[in-house]
Amino acid sequence: YICKQYAFGQKLPEEYTAESYPALPVEEAATNVANERALISMERRFAASFWKTGVWTRDMAGAKVFNARLSLFMPIDDTPVPPPLNPVERGLADLWARTAGPLSQDGRRVFRKAIEDMTESWVWELANLIQHRIPYPVDYIEMRRKTFGSDLTKSLARLTIGEGVPPAVFQTRAMSGIDNSAADYACMTNDVFSYQKEIEFEGEFHNCVLVLERFLECDRTKAATVVTDLMAARMRQFEHILATELPGVLDEFSLDKAARAKVGRYITGLQNWVSGIIVWHKTGANPNTGSIAPTSCEFLLFGRLNVGAPM
């Protein structure tokens with residue numbers, strides 16, 4: 001019979017534990033490594049099961065009906081949800097109750113809007129696939145923030161900091177610039193790593209490298225070079241706004257020390273999100289890349305942005 005390995009163990013040599021320093025507990029470090037390997041393995045199994053190629057249909061009418069029902073399972077008040085018709089509705093109802101339950105009604109509205117924008121953007125992608133339409137770069141970048149779930153990520157990040165920061169702070173030009181810079185960098189990272197899978201194996205249109213290939217009428221390597229330049233520019237913009245514009249915003253709203261600390265935690269959350277996306281791709285958790293050699297786009301990303309060698 002064939003058995004998949006879901007656990008592993010490695011006994012630490014006695015000399016390791018005997019000679020370890022109190023500040024560096026070997027057993028704890030080994031346990032953390034094992035936990036990280038287990039989480040990466042779980043991510044790979046999930047991606048292989050739910051992000052298979054060739055499973056998406058071209059049923060626009062069905063997609064619109066499916067998407068329209070999702071809002072029913074994200075009530076702003078305590079309105080009961082209807083019986084779910086599929087696993088997505090069942091899962092959304094469960095997640096909404098546990099995630100949005102503690103929020104105020106205003107918080108729920110913002111959170112639901114982020115999810116609705118994300119799922120509606122997937123209908124936009126489907127329409128492009130049906131029409132065999134590759135979007136223009138400006139349209140693509142704006143919609144990619146939604147299809148990638150960037151607004152949803154921002155909403156979750158704001159949930160973690162709690163009350164105490166006026167909503168108007170997050171609507172300023174500086175905070176919008178920080179959010180968009182981080183989102184664009186994350187989206188383009190995914191597009192570079194996923195280029196081969198999406199273009200060669202899935203026939204996908206929604207990839208920044210392909211969008212620029214067609215718009216600039218150039219080859220893949222040139223388009224990837226432009227993408228990595230854009231990524232570097234967005235990261236520089238993120239750091240510039242953080243250093244020069246954000247302090248003035250905090251002063252303008254007269255935020256106290258506690259509120260400034262919460263804004264700082266929010267910024268750190270965005271930084272960790274972007275870093276996590278890079279690590280996630282480098283460790284091979286990206287679906288189907290386990291058996292596909294790194295593309296020239298990936299090597300270009302590693303070299304130009306200095307984010308390490310492919311693993």
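Keep in mind that the numbers below use all heavy atoms, side chains included, and drop hydrogens, waters and symmetry copies. Throughout, numbering of the chain's residues begins at 1 and tracks the sequence. These numbers come from a predicted model, not from an experiment.
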Would you find a donor on one side and an acceptor on the other, under 3.5 Å apart, between the side chain of [X] and the backbone of [Y]?
X	Y	value
Arg145	Ala183	no
Asp139	Pro135	no
Gln131	Arg133	no

Practice prompt. Taking atom NZ of Lys113 as the centre, report whether more than 12 heavy atoms of other residues, nucleotides or ligands fall under 6.0 Å from it.
Written response: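 No, because the 6.0 Å sphere around NZ of Lys113 holds 12 heavy atoms or fewer from other groups.
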Worksheet item: Above 12 or not: heavy atoms from other molecules or residues under 6.0 Å from CZ of Arg214?
Response: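 Incorrect, the count does not exceed 12.
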Item to complete: Start with the C-alpha gap between Asp94 and Arg90, add the side-chain angles, then the distance that decides, and say whether salt bridge (charged side-chain N to carboxylate O under 4.0 Å, His left out) holds.
Response: CA-CA 6 Å; Asp94 177 59; Arg90 186 179 303 111; over 6 Å; no
Do [X] and [Y] have side-chain atoms, one donor and one acceptor, less than 3.5 Å apart?
X	Y	value
Glu116	Ser71	yes
Arg144	Asn190	yes
Tyr140	Asp191	yes
Asp77	Thr79	yes

Quick one: does [X]'s side chain get under 4.5 Å of [Y]'s, heavy atoms only?
X	Y	result
Pro82	Phe73	yes
Ser150	Cys187	yes
Met175	Leu246	yes
Trp96	Val81	no
Met188	Leu230	yes
His206	Trp124	yes

Discussion item. Does the plane of the ring in Phe170 sit parallel, tilted or perpendicular to the ring in Tyr266? Use 30° and 60° as the thresholds.
Written reply: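 Phe170 and Tyr266: perpendicular rings.
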Worksheet item: To the nearest 0.5 Å, how far apart are CD in Gln105 and CD1 in Ile76?
Response: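 The CD atom of Gln105 sits 7.0 Å away from the CD1 atom of Ile76.
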Worksheet item: Under 4.5 Å between side-chain heavy atoms, hopping through other hydrophobics if needed: is there a path connecting Tyr136 to Val209?
Response: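 Yes: a chain of side-chain contacts under 4.5 Å links Tyr136 to Val209.
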